[in-house]
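Written out below as structure tokens is the structure these notes cover.
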Amino acid sequence: MAASDGEPHVAGELEFTLDVPFPSPREASIALQSLSPDREPRRGGISKRLTLSGSTLSVRWSAGEARILRVSVGSFLDHLSLVVETMEAFGPPLSQ
């Protein structure tokens, strides 16, 4: 679960990474834009970073406590599920 993107790892800090493939870069971009505005409510306890590479959305969390990490990941997955269901309901996005 540890990320290897060159960022320093704080001893005792928990990390979780998730890569979400989408059918197209456009759909991945829509998901990134939809999910990015949600900031973590508790500062200092957790950090979340979203990045985009082609049609893959990557998310990396770092937290000091397992409970905080679990809640943040669970909330993100709920939002991601809603974004994917919405895109499926409206069909493929139009090209820009």
Side-chain angles (χ1 to χ4, degrees):
M1 284 195 273
S4 59
D5 61 3
E7 290 188 13
H9 176 72
V10 177
E13 186 143 308
L14 303 168
E15 295 183 354
F16 182 76
T17 57
L18 176 68
D19 292 331
V20 184
F22 284 88
S24 71
R26 177 79 175 122
E27 288 167 292
S29 177
I30 290 169
L32 175 67
Q33 292 170 19
S34 298
L35 297 165
S36 290
D38 295 338
R39 298 269 182 226
E40 295 300 328
R42 182 175 167 183
R43 293 188 177 219
I46 191 163
S47 67
K48 177 176 68 177
R49 189 175 68 157
L50 286 80
T51 57
L52 194 59
S53 177
S55 62
T56 301
L57 174 65
S58 298
V59 190
R60 177 180 177 221
W61 288 266
S62 296
E65 297 178 36
R67 179 182 58 84
I68 295 170
L69 180 62
R70 183 180 65 247
V71 169
S72 179
V73 171
S75 176
F76 178 83
L77 292 174
D78 287 343
H79 288 106
L80 176 63
S81 176
L82 180 60
V83 167
V84 170
E85 288 175 13
T86 302
M87 284 194 285
E88 288 175 350
F90 287 96
L94 299 174
S95 299
Q96 282 186 324

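For reference, positions follow the sequence shown, starting with 1. Bear in mind the structure is a predicted one, so any value in this text is a computation, not a measurement.
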Run the side chain to side chain donor-acceptor pair (under 3.5 Å) test against Ser24 and tell me which residues pass, sequence neighbours left out. Glu27
CG/Leu14 to CZ/Arg67 distance, rounded to the nearest 0.5 angstrom? 12.5 Å
Do Val59 and Phe16 have side-chain heavy atoms sitting under 4.5 Å apart? no
With sequence neighbours excluded, what pairs up with Thr51 under the side chain to side chain contact (heavy atoms under 4.5 Å, CB included) test? Arg49, Ser58
Suppose we screen for side chain to side chain contact (heavy atoms under 4.5 Å, CB included). Which residues come up paired with Val71, at least two apart in sequence or across chains? none
Where is the tightest heavy-atom contact between Leu35 and Val83, given as atom of each residue plus distance? CD2-CG2, 4.0 Å
Tell me the closest heavy-atom pair linking Thr17 and Arg60, and the distance in Å. CG2-CG, 3.8 Å
Please name all residues satisfying side chain to side chain donor-acceptor pair (under 3.5 Å) with Ser81, sequence neighbours left out, ordered by chain then number. Glu85
Can you tell which of Ser34, Ser29, Ser36 makes a side-chain contact (heavy atoms from CB on, under 4.5 Å) with Leu32? Ser36
By side chain to side chain contact (heavy atoms under 4.5 Å, CB included), which residues pair with Thr86, not counting sequence neighbours? Leu82, Phe90
Of the non-hydrogen atoms in Leu69 and Ala63, which two are nearest, and what is the gap between them? CB-CB, 3.8 Å
Please list, chain by chain and in numerical order, all residues satisfying side chain to side chain donor-acceptor pair (under 3.5 Å) with Ser55, sequence neighbours excluded. none
Residues which pass ring pair (Phe, Tyr, Trp, His ring centres under 6.0 Å) with Phe22, listed by chain and number, not counting sequence neighbours: none
